[in-house]
Trainee: 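Below: one structure in structure tokens.
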Amino acid sequence: MTPDDLLKEALESAVVGLFGKSADLQIQPTNPQFEGSHTLVCFPLTKLSGKSPEETGKLIGEAVLKGSDTVSSFNVVKGFLNFVLSDKVWSSRFNQINANPSFGTFSPNGKEIMVEYSSPNTNKPLHLGHLRNNFLGFAVAEIYRAIGYKVHRVQIINDRGIHICKSMAAWKLFGNAETPASASVKGDHLVGKYYVLFDRHYKEQTAELEKSGLAKEQAEKEAPIMKLAVAMLQQWENRDPEILQLWQTMNGWVYEGFGKTYERMGVSFDKLYYESETYLLGKEEVLKGLESGVFFKKEDGSVWVDLTADGLDQKVLLRSDGTSVYMTQDIGTAILRFRDFPSIDGQVYTVGNEQEYHFKVLFLILKKLGFKWAEKCFHLSYGMVDLPTGKMKSREGTVVDADDLMEEMVQAAAKQSQELGKAEPSEATNEMIGLGALKYFLLKVDPKKRMLFDPNESIQMQGNTAPFIQYTHARIRALIRKAEEQNLNFSGSFSGIKLEPGERALISLISRYPETITLAASGYSPSVVANYAYELAKEYNQFYQTVRIFGEQDNQTLLFRIALSAQTAKIIRHAMALLGIGCPEKM
RNA sequence: GGUCCCGUAGCUCAAUGGAUAGAGCAACUGCCUUCUAAGCAGUAGGUUGCUGGUUCGACCCCAGCCGGGAUCACCA
């Protein structure tokens with residue numbers, strides 16, 4: 001039984017004993033400025049007791065103190081009844097946790113979930129926004145795995161469409177057969193270069209056409225380079241061998257580049273879906289829906305869904321020329337996924353909040369098509385990452401490149417280590433610290449909130465950051481090494497230890513770790529885990545700084561403190577791993 | 001204009017309807033002969049955008065305003 005359960009039981013019997021019937025008891029963690037760990041809010045009980053909140057609290061407190069040995073003392077402040085639980089309760093809880101090597105992970109619950117993240121276009125390298133997306137999706141997947149789900153990590157790769165044709169067009173015109181090898185550039189960056197080049201020429205051409213008297217809309221259509229890209233898209237749909245070849249080659253470059261980026265990021269996928277392989281299925285399903293009357297056709301041949309009755313708009317699903325749009329292929333992809341994994345209990349789409357409307361429509365369409373699993377689909381919508389200069393715009397060159405940023409973070413970590421005079425910081429350690437700082441920075445904020453990334457200030461290693469937490473872990477590991485050198489055996493259980501307030505607080509925090517993971521999972525919010533890890537590290541540092549562990553004379557207490565430290569390090573490592581962040585042994 | 005999200009210390013962020021709204025950064029003051037100072041302790045910093053309402057109790061729920069953002073394409 002956890003301390004929570006013990007107290008709840010004691011409280012329930014006290015309330016029944018005092019007032020003759022049970023009531024809903026509101027127990028919450030005690031505000032740190034008061035003594036105790038658990039607080040009963042007494043206001044709701046005044047109706048039952050017929051007394052003031054203070055008196056009610058006092059009555060209940062006395063009854064609990066007499067009726068059980070769970071509580072060692074209590075105090076009442078206003079209507080709040082604060083309990084100090086007995087050391088016996090805490091140390092037995094600690095023994096329980098200590099004896100459970102898999103504390104924090106739940107046994108398999110037989111459920112399956114699919115988490116989609118990343119899902120980039122294949123025409124340019126990954127940027128800061130993708131980093132938030134990937135870290136978020138990866139962490140949510142890890143958190144669900146921790147609570148017992150079987151997790152399928154997937155992405156849909158937007159490998160076809162006008163965007164890649166733009167890069168292809170520019171490469172064909174100006175590339176001189178350049179390859180990543182010949183240019184010594186990562187493939188995704190090379191393809192991105194031509195995407196930018198396309199845009200530059202496109203702008204020049206439309207400007208000239210406008211000067212010669214064309215309307216803006218007309219000029220945009222008539223620009224020769226755009227006409228080339230559109231022609232390539234049509235050739236692609238007609239399976240033109242030469243175009244397919246070029247398309248495959250350039251996508252191949254991108255995949256190779258992405259692969260390196262993902263590897264450094266520490267994310268991976270169990271299965272990849274490609275738009276080029278799902279869009280036709282989507283088209284089929286839309287045509288089926290047309291037959292069954294879910295959709296309708298306009299005079300020009302385009303196919304639409306009418307969602308006005310649901311408070312939404314009409315939405316095009318097939319263009320008048322029969323080609324599919326984004327929505328079409330998303331319908332296909334969703335159906336394919338539930339075909340591939342019929343027993344999944346949920347599908348999470350990690351996609352920015354600018355697509356909220358899109359997913360609302362998608363899920364509604366799937367429901368209208370009669371797929372019961374439509375309600376299992378969830379859009380994990382997250383806010384944009386803004387720069388001090390405003391929104392990132394790839395066309396204006398204000399994007400923060402993922403590869404560059406990761407490299408900068410690792411360099412910054414190396415520099416920091418050097419300035420602090422750390423001994424022999426290994427490359428692996430710098431990598432863990434630099435990337436850890438970046439991941440933590442992006443994950444500690446509630447996903448649905450927009451966040452600001454200031455390149456000058458965000459590379460920070462003190463305070464509420466991953467390096468702070470990692471450092472706490474490394475310090476504990478140093479303690480453990482010392483204990484092992486001295487052949488101290490700190491496994492096993494402890495009793496009769498007189499606990500310091502900081503030790504009680506630590507055990508209490510550790511004890512709440514499993515429910516923290518559950519909370520993070522149900523809210524799809526790794527920030528809950530991040531904030532917990534920070535709280536735990538902070539609490540431990542206070543303990544570390546007030547108690548001299550190896551200076552302790554009592555052997556049992558010494559061993560207990562080492563065991564408590566070891567347990568803290570273990571949970572820090574576990575929690576950080578859920579965020580995709582490693583913890584070095586030394587730093 | 002319709003729909004949705006956000007507004008908390010100078011800055012970046014916390015706070016299952018509960019106590020005197022908390023951290024970090026930046027500023028200032030202390031603490032390394034000690035288990036790692038990427039640390040700890042302290043000072044200062046607030047009308048939680050505004051106005052009402054519900055409640056014993058509201059940053060949180062409701063209504064209205066103000067400010068910021070997203071979205072409403074035969075784009076993705």
Side-chain angles (χ1 to χ4, degrees), chain A residues 26 28-34 39 41-44 46-47 52-53 77-80 82 119 121 123 158 161-163 275 298 300-304 311-313 315-327 329-330 352-358 360-361 381 383-384 386 391 413 416-417 419-420 422-423 433 437 441 444-446 448-454 457-458 460-472 474-483 515 519 523 527-528 530-531 534-535 537-538 541-551 561-562 565 586-587:
Chain A
Q26 204 179 324
Q28 61 192 41
T30 302
N31 188 318
Q33 58 198 301
F34 301 102
T39 293
V41 184
C42 298
F43 301 97
T46 51
K47 277 178 200 153
S52 73
V77 183
K78 302 210 175 151
F80 298 90
N82 305 318
S119 304
N121 287 351
N123 62 333
N158 303 309
I162 192 68
H163 53 274
E275 233 177 59
K298 286 195 178 172
D300 59 7
S302 55
V303 177
W304 294 73
L312 303 173
D313 301 296
K315 195 87 189 168
V316 69
L317 298 175
L318 288 177
R319 297 189 184 97
S320 48
D321 64 3
T323 57
S324 54
V325 293
Y326 186 44
M327 188 64 76
Q329 50 218 23
D330 266 6
N353 63 8
E354 79 261 8
Q355 294 196 32
E356 269 171 17
Y357 184 77
H358 171 79
K360 209 182 268 182
V361 171
S381 165
M384 297 288 101
D386 289 323
K391 206 181 159 179
Q416 182 81 221
S417 295
E419 279 170 8
L420 292 168
K422 300 288 179 183
I433 297 171
F441 180 84
K444 75 174 174 187
V445 179
D446 183 349
K448 64 171 183 271
K449 288 196 174 171
R450 279 171 66 186
M451 64 182 296
L452 182 79
F453 182 86
D454 185 336
E457 282 185 26
S458 298
Q460 213 186 75
M461 315 250 168
Q462 288 96 32
N464 189 357
T465 65
F468 169 87
I469 299 166
Q470 290 168 320
Y471 178 71
T472 306
R475 278 210 301 210
I476 298 176
R477 295 302 300 164
L479 282 181
I480 304 302
R481 285 193 294 273
K482 186 172 174 179
E515 67 198 61
L519 191 67
S527 68
V528 171
N531 287 321
Y534 176 60
E535 283 301 317
K538 219 166 42 153
N541 281 335
Q542 280 175 37
F543 162 74
Y544 179 90
Q545 216 97 187
T546 47
V547 170
R548 181 134 293 274
I549 292 170
F550 282 96
R561 284 179 182 165
I562 294 169
S565 300
K586 296 178 186 172
M587 68 184 274

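Note that the structure is a prediction, hence the values are computed from the model and not measured.
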Trainee: For residues A/N541 and A/Y471, is any side-chain donor paired with an opposing acceptor at under 3.5 Å?
Mentor: no
Trainee: Going by salt bridge (charged side-chain N to carboxylate O under 4.0 Å, His left out), name the residues that satisfy it together with A/R548, two or more places apart in sequence or in a different chain.
Mentor: none
Trainee: Calculate, to the nearest 0.5 Å, the distance between atoms CD and CD1 belonging to A/E535 and A/I469 respectively.
Mentor: 10.0 Å
Trainee: In whole angstrom, give the distance that lies between atom CG of A/L452 and atom P of B/U12.
Mentor: 6 Å
Trainee: With A/K448, which residues qualify under side chain to side chain contact (heavy atoms under 4.5 Å, CB included), at least two apart?
Mentor: A/D446
Trainee: Give the rounded distance in Å between these two atoms: CD of A/Q355 and C1' of B/C4.
Mentor: 15 Å
Trainee: Expressed in whole Å, how much space separates the P atoms belonging to B/C61 and B/C5?
Mentor: 10 Å
Trainee: Using the C1' atom as the point on both nucleotides, what is the distance between B/G67 and B/G49, in whole Å?
Mentor: 7 Å
Trainee: Going 5' to 3' along nucleotides 14-19 of chain B, which nucleotides have protein heavy atoms under 4.0 Å from the base (write B), which only from the sugar-phosphate (write S), and which from neither (write -)?
Mentor: S-B-BB
Trainee: When the C1' atoms of B/A76 and B/G18 are considered, how many whole Å apart are they?
Mentor: 47 Å
Trainee: When you measure from the side-chain N and O atoms of A/R319 to the phosphate of B/A76, is any distance below 4.0 Å, counting only OP1 and OP2?
Mentor: yes
Trainee: Side-chain contact, heavy-atom cut-off 4.5 Å: A/F543 with A/I549?
Mentor: yes
Trainee: Would you say that A/N31 contacts A/T39 through its side chain, given a criterion of any heavy-atom pair below 4.5 Å between the two side chains?
Mentor: no
Trainee: When the distance from CD of A/Q329 to P of B/A76 is rounded to whole Å, what number comes out?
Mentor: 7 Å
Trainee: Hey, what do you get for CG (A/N531) to CG (A/N464), rounding to the nearest 0.5 Å?
Mentor: 6.5 Å
Trainee: Give me the distance, rounded to whole Å, that separates B/C6 from B/A38 when you measure between the C1' atoms they each carry.
Mentor: 33 Å
Trainee: Let me confirm one number: the CD-SG distance from A/Q26 to A/C42, rounded to the nearest 0.5 Å.
Mentor: 10.0 Å
Trainee: List the residues meeting ring pair (Phe, Tyr, Trp, His ring centres under 6.0 Å) with A/H358, not counting sequence neighbours, and say none if there are none.
Mentor: A/Y326
Trainee: Taking B/G24 as the reference, what is the distance to B/G42 when you measure between their C1' atoms (whole Å, please)?
Mentor: 16 Å
Trainee: Within the structure shown, what part of the strands sits under 4.0 Å from A/D386 by heavy-atom distance: base, sugar-phosphate, or nothing?
Mentor: nothing
Trainee: Heavy atoms, side chains only, cut-off 4.5 Å: are A/T465 and A/F441 in contact?
Mentor: no
Trainee: Measuring from A/I433:CD1 to A/Q470:CD, what's the distance to the nearest 0.5 Å?
Mentor: 5.5 Å
Trainee: From C-beta outward on A/Y534, which listed nucleotide comes closest to its side chain: B/A76, B/G24, B/A73?
Mentor: B/G24
Trainee: If I pick the C1' atom on B/C59 and the same atom on B/C75, what distance separates them, to the nearest angstrom?
Mentor: 39 Å
Trainee: For atom C1', what is the distance between B/G57 and B/C65, given to the nearest Å?
Mentor: 26 Å
Trainee: Counting Watson-Crick and G-U wobble pairs whose two distances are both under 3.5 Å, find the runs of 3 or more in a row that involve RNA chain B.
Mentor: B:1-7 with B:66-72, B:10-13 with B:22-25, B:27-31 with B:39-43, B:49-53 with B:61-65
Trainee: Tell me: CD of A/E354 to P of B/C75, nearest whole Å?
Mentor: 18 Å
Trainee: In whole angstrom, give the distance that lies between atom OH of A/Y357 and atom P of B/A76.
Mentor: 16 Å
Trainee: Using the C1' atom on both, measure B/G46 against B/U20 and round to a whole Å.
Mentor: 13 Å
Trainee: Report the distance from atom CE of A/M451 to atom C1' of B/C11, rounded to the nearest whole Å.
Mentor: 14 Å
Trainee: How would you summarise protein contacts on nucleotides 32-45 of chain B per nucleotide, using B for base, S for sugar-phosphate only and - for none, with heavy-atom distances below 4.0 Å?
Mentor: --BBBSBBSS----
Trainee: What is the distance, to the nearest angstrom, from the NZ atom on A/K315 to the P atom on B/U71?
Mentor: 11 Å
Trainee: For a 4.5 angstrom cut-off between non-hydrogen side-chain atoms, does A/L317 reach A/W304?
Mentor: no
Trainee: Report the distance from atom CE of A/M384 to atom P of B/U71, rounded to the nearest whole Å.
Mentor: 9 Å
Trainee: Syn versus anti for B/C56, judged by chi lying within 90° of 0?
Mentor: anti
Trainee: How long is the span from the OH atom in A/Y544 to the CG atom in A/L479, to the nearest 0.5 Å?
Mentor: 5.5 Å
